[in-house]
Undergrad: 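Shown below is the structure under consideration.
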Amino acid sequence: MRLIIDSANIEKIQEYVKYLPVEGVTTNPSILKKEGKIDFAQHIKQIREIIGTDKSMHVQTIASDYEGILKDAETIQRLIGEDTYIKIPANKDGLAAIKTLKAQGVKITATAIYNEIQAILATELNADFLAPYVNRMSNLNTDPYQAISNIYENIKRTDSETKILAASFKNVDQVLKANLAGAEFVTVGTDVVDAFLADANINHAVTQFNNDWNDIHNKFEI
Ligand code: G3P
């Protein structure tokens, strides 16, 4: 499982890079809103410095029309860097923009994927990543794991380089199931990342080991 952080919170990202195999960061307007009235470009550049410039940074366009999406993509690349993955919702205008931008060699993450046909079309257009929305699919009574598995099979069948970056998680179980179904990458928000190691039994076991050593050696180190 290749982990990407679905957050723009500087403190959390700084914390995660210390102990997690973080491969990148994804943002969208709702995620950025949580950070208040930030200087967009400066904030994203700070995140890039924290994760390392060899890691992937995915930034979403705002405009809803084809021309506007192209303009946003150009602005993101100019302000943040040409190697930024431009996140574009896979709707009609989004797919048109993906087609144009991929022809120019721009890195693309097709997002807001609620169904297989969106994913299959974005794969045909050579999007680098597909972001199926796991929890949101479940809420709509779509089995996200079956969808991911079918999307994965289509990628294999067509010998595509496109990767699945599953998104929209509300618990750890969803993350593991999406990964098992074929999502090589997962992008996970801070509430769920914080739950990865939250099992109280882990720290209970460690405390017990340390106390047993201390009982004999009277110190908490070797
Ligand atoms: O990366 C997409 C994701 O942020 C959407 O997640 O939690 O709003 O369904 P959520």
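Read the numbers this way: they start at 1 and go in the same order the structure lists the ligands and their atoms.
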Undergrad: Decide yes or no on salt bridge (Lys or Arg N to Asp or Glu O under 4.0 Å) for Glu74 and Lys71, but give the supporting numbers first.
TA: CA-CA 5 Å; Glu74 191 271 324; Lys71 198 157 165 277; over 6 Å; no
Undergrad: Okay, side chain of Asp128, backbone of Lys107: is any donor-acceptor separation there less than 3.5 Å?
TA: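 The answer is no, because no donor-acceptor pair under 3.5 Å joins these two groups.
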Undergrad: Please identify which atoms of ligand 1 are closer than 4.0 Å to at least one heavy atom of Lys170.
TA: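 The list of qualifying atoms is 7 (O).
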Undergrad: Evaluate Thr26 for polar contact with ligand 1, using N/O atom pairs at a separation under 3.5 Å.
TA: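 No, Thr26 has no N/O under 3.5 Å of an N/O on ligand 1.
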Undergrad: For ligand 1, note which part of Asn135 has a heavy atom under 4.0 Å away: side chain, backbone, both or neither.
TA: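 Neither part.
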Undergrad: Can you name the nearest heavy-atom pair linking Ala8 to His43, along with the distance?
TA: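 It is O-NE2, 2.6 Å.
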Undergrad: For atom 2 (C) of ligand 1, find the nearest protein heavy atom and state the residue, atom name and distance (0.1 Å precision).
TA: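 Its nearest protein heavy-atom neighbour is Tyr133 CE1, 3.3 Å.
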Undergrad: Under 4.0 Å between a Lys/Arg side-chain N and an Asp/Glu carboxylate O for Lys55 and Glu23?
TA: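 A salt bridge is absent here (no side-chain N lies under 4.0 Å from a carboxylate O).
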Undergrad: So, are Arg48 and Asp54 salt-bridged, with charged N and O less than 4.0 Å apart?
TA: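 Salt bridge flag = no for Asp54 with Arg48.
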Undergrad: Which atoms from ligand 1 have a heavy atom of Ala167 less than 4.0 Å away?
TA: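 Within the 4.0 Å cut-off of Ala167, ligand 1 contributes 1 (O), 2 (C).
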Undergrad: Are more than 12 heavy atoms from other residues, nucleotides or ligands located less than 6.0 Å from atom OH of Tyr85?
TA: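 More than 12 heavy atoms, drawn from other residues, nucleotides or ligands, come within 6.0 Å of this atom.
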Undergrad: Does ligand 1 have a heavy atom under 4.0 Å from the side chain of Asn28, from its backbone, from both, or from neither?
TA: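 Asn28 to ligand 1: side-chain contact only, backbone stays beyond 4.0 Å.
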Undergrad: Of the protein's non-hydrogen atoms, which lies at the shortest distance from atom 5 (C) of ligand 1, and what is that distance?
TA: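 The answer is Arg136 NH2, 3.7 Å.
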Undergrad: If the threshold is 4.0 Å, N to carboxylate O, is there a salt bridge linking Lys170 and Asp191?
TA: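 No salt bridge links Lys170 with Asp191.
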Undergrad: Using a strict cut-off of 4.0 Å, indicate which atoms of ligand 1 neighbour a heavy atom of Ile31.
TA: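 Here the atoms of ligand 1 in question are 4 (O).
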Undergrad: Heavy-atom contacts under 4.0 Å between Phe169 and ligand 1: side chain, backbone, both, or neither?
TA: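 Contact part for Phe169 vs ligand 1: neither.
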Undergrad: Which residue holds the protein heavy atom closest to atom 3 (C) of ligand 1, what is that atom called, and what is the gap in Å?
TA: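 Ranking protein heavy atoms by distance from atom 3 (C) of ligand 1, first comes Asp6 OD2, 3.2 Å.
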